[in-house]
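Quick note on labels: first sequence line is chain A, next is B, and so on, each numbered from 1. Because only heavy atoms are used, hydrogens play no part in the values below, and waters and symmetry mates are left out as well, while side chains stay in.
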2 protein chains.
Amino acid sequence: MFEYFDTVHRISPAAQHAIAEISTEISLPKNKDLQPIGHTCKTIYFMVKGIARIYYYKDGVDVTESFEFENAIIARVESLFSGRPSRKGIQVVEDAELVAIDANRLFQLYDKFPEIERLFRKIFEADYVNLVNRLESIQFHTAEERYNALVAESPEVLQRIPLKHIASYLGITQVSLSRIRAKK
Amino acid sequence: MFEYFDTVHRISPAAQHAIAEISTEISLPKNKDLQPIGHTCKTIYFMVKGIARIYYYKDGVDVTESFEFENAIIARVESLFSGRPSRKGIQVVEDAELVAIDANRLFQLYDKFPEIERLFRKIFEADYVNLVNRLESIQFHTAEERYNALVAESPEVLQRIPLKHIASYLGITQVSLSRIRAKK
DNA sequence: ATGATTATTTAACATATGTAAAATGCTCCC
DNA sequence: GGGAGCATTTTACATATGTTAAATAATCAT
């Protein structure tokens, strides 16, 4: 995890130690919930191994909002930053290993370690940029374009994630996705 | 502007002064470009009066990515945070008054004033949360639901912004929007 | 005020995606 | 290895949205 952090913003050993103190390692088998729907997000996870997804129910249907792979942070930011309960949950798609960072204690560290505040600021800024690009893609590309772009960017997605989750992530039904795939 | 900042995170007079030093006031008539397409974003704007939109061209068609109203920050974050040129521009929709903040000099202030870093971290976190909610809305609501939600949230949009911009913001054509409006 | 320009709506048709249900294929557990 | 339960595809039909073009309506400049 700290190797990854260093690529974003290098922090001192003391700061690393402070983060380690509020972190715990977690292993979770495939399909298990990491965070249930309805709870306020108070934990930031770092994916060591496996894939996780943020999901919720729209009219009773399971919808995937986003996926995160190895070496990425995952959190329900709309709850984390607003303090409100989230209608979303986090579930691991494969057997996974993660680091759980206590968010409130992390935010407290910001006062003592401006370098930690800066690190996480940069991490979330990068996430923000990704989200802007994702919005653009979903707002003005067809489902087929989005599917092709996803496969081009991360072909392993197809091997590791069930199509039903990919379909809802792309904003379409599984039937539509099947049709798009059949065109090839 | 500083009144607005205080609602996010109160900063010292010295910090306010430092921000004021790197800011300039701007007036711009309706439909003028604030920032052209293709340039790297190096300015963060605060809207004092009027409405601005971030837009780009998709297959030759003018597309609105977002609107910002009074008392809001507007910037092309995907360029600001990545340092890459933006395919997007910023245009004012009405006669507008703004404050332009030099982004590079602002980021330099972060070292001297952690409170300024925190202020802008919080501002962009709040924007990030809005964007997550926007993505959800566009991914899993019909165009009609999105239009109704927009009107419910900010009815003045209809008076102040041409429908063609609202249509592309909602991710649909103007014809579709007309049909939705006609249903009432 | 008048005409030119721009914005919005309407119409007719094409296409993409949704819905429901059935068929097929795959996985995992005993 | 067989069967139960998922996952994926296919089919048929319904609906929403796109495209193009023309008709109205509103706005702007002289």
Side-chain angles (χ1 to χ4, degrees), chain A residues 29-33 50-51 53 55 57-64 67 91-95 135-151 155-184, chain B residues 28-33 50-51 53 55 57-64 67 91-95 136-151 155-184:
Chain A
K30 188 170 171 172
N31 292 333
K32 281 284 179 200
D33 261 28
I51 301 179
R53 68 188 186 103
Y55 74 101
Y57 287 94
K58 152 82 180 171
D59 301 336
V61 177
D62 179 317
V63 168
T64 295
F67 298 110
Q91 186 183 71
V92 301
V93 176
E94 300 175 334
D95 293 353
L135 180 74
E136 184 183 328
S137 120
I138 209 162
Q139 190 173 17
F140 281 97
H141 291 91
T142 64
E144 186 170 350
E145 289 169 329
R146 277 177 270 145
Y147 174 75
N148 291 332
L150 177 68
V151 173
E156 82 276 19
V157 158
L158 289 182
Q159 316 308 323
R160 298 174 67 184
I161 301 177
L163 290 173
K164 62 179 176 180
H165 293 154
I166 296 178
S168 71
Y169 172 78
L170 292 172
I172 56 179
T173 61
Q174 195 175 351
V175 175
S176 261
L177 180 56
S178 260
R179 273 191 290 241
I180 289 169
R181 286 159 55 81
K183 277 197 190 175
K184 287 274 164 113
Chain B
L28 214 61
K30 188 170 174 171
N31 292 333
K32 281 285 180 199
D33 261 28
I51 301 180
R53 69 188 185 104
Y55 73 102
Y57 287 94
K58 152 84 179 168
D59 301 336
V61 178
D62 179 317
V63 168
T64 295
F67 298 110
Q91 187 183 70
V92 302
V93 177
E94 299 177 332
D95 293 354
E136 183 183 328
S137 120
I138 209 161
Q139 190 174 15
F140 281 98
H141 291 91
T142 63
E144 186 170 350
E145 288 169 330
R146 278 177 269 144
Y147 174 74
N148 291 333
L150 178 68
V151 173
E156 83 276 19
V157 158
L158 289 182
Q159 316 307 323
R160 299 173 68 183
I161 301 177
L163 290 174
K164 62 179 175 179
H165 292 155
I166 295 177
S168 71
Y169 172 79
L170 291 173
I172 56 178
T173 60
Q174 194 175 352
V175 175
S176 261
L177 180 55
S178 259
R179 274 191 289 238
I180 288 167
R181 287 161 54 81
K183 279 196 188 174
K184 288 276 163 109

Contacts of type side chain to side chain contact (heavy atoms under 4.5 Å, CB included), residue [X], not counting sequence neighbours:
X        : result
B/Pro29  : B/Lys32, B/Asp95
A/Lys58  : A/Tyr56, A/Val63, B/Phe140, B/His141, B/Glu145
A/Glu156 : A/Phe69, A/Ser154, A/Arg160
A/Val175 : A/Thr173, A/Arg179

Side-chain contact test, heavy atoms from C-beta onward, threshold under 4.5 Å: evaluate it for [X] versus [Y] and give yes or no.
X        : Y        : value
A/Leu163 : A/Arg181 : yes
A/Ile180 : A/Ile172 : yes
A/Tyr169 : A/Leu150 : yes
A/Ile166 : A/Leu177 : yes

**Report entry** Those residues that, when tested against B/Asp62, pass salt bridge (Lys or Arg N to Asp or Glu O under 4.0 Å) (two or more places apart)
**Finding:**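 B/Asp62: salt bridge (Lys or Arg N to Asp or Glu O under 4.0 Å) contacts with B/Arg53.
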Query raised in the report: Can you list the residues that meet the salt bridge (Lys or Arg N to Asp or Glu O under 4.0 Å) rule with A/Glu136, with sequence neighbours excluded?
Result: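 A/Glu136 satisfies salt bridge (Lys or Arg N to Asp or Glu O under 4.0 Å) with B/Arg87, B/Lys88 only.
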Query raised in the report: Going 5' to 3' on DNA chain C, which nucleotide is the first and which the last to come under 4.0 Å of a heavy atom in chain A?
Result: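 So the outermost contacting nucleotides come out as C/dT17 to C/dA20.
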Report summary line: Scoring nucleotides 17-30 of chain D by protein non-hydrogen atoms under 4.0 Å (B base, S sugar-phosphate only, - none) yields BBBB-------S--
Query - Residues in contact with DNA chain C, drawn from residues 159-169 of chain A - heavy-atom cutoff 4.0 Å - result: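 Nothing qualifies; none.
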Report task. Dump the intermediate steps for side chain to side chain contact (heavy atoms under 4.5 Å, CB included) on B/Val93 and B/Tyr55, then the final yes or no. Result -> CA-CA 11 Å; B/Val93 177; B/Tyr55 73 102; over 6 Å; no
Query raised in the report: What is the distance from atom CZ of B/Phe67 to atom CD1 of B/Ile161, rounded to the nearest 0.5 Å?
Result: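 Answer for the CZ-CD1 pair, B/Phe67 versus B/Ile161, is 4.0 Å.
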**Report entry** Bend angle of the helix from C/dA1-D/dT30 to C/dC30-D/dG1, from helix axes over five pairs at each end, nearest 10°
**Finding:**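 The angle, to the nearest 10 degrees, is 50°.
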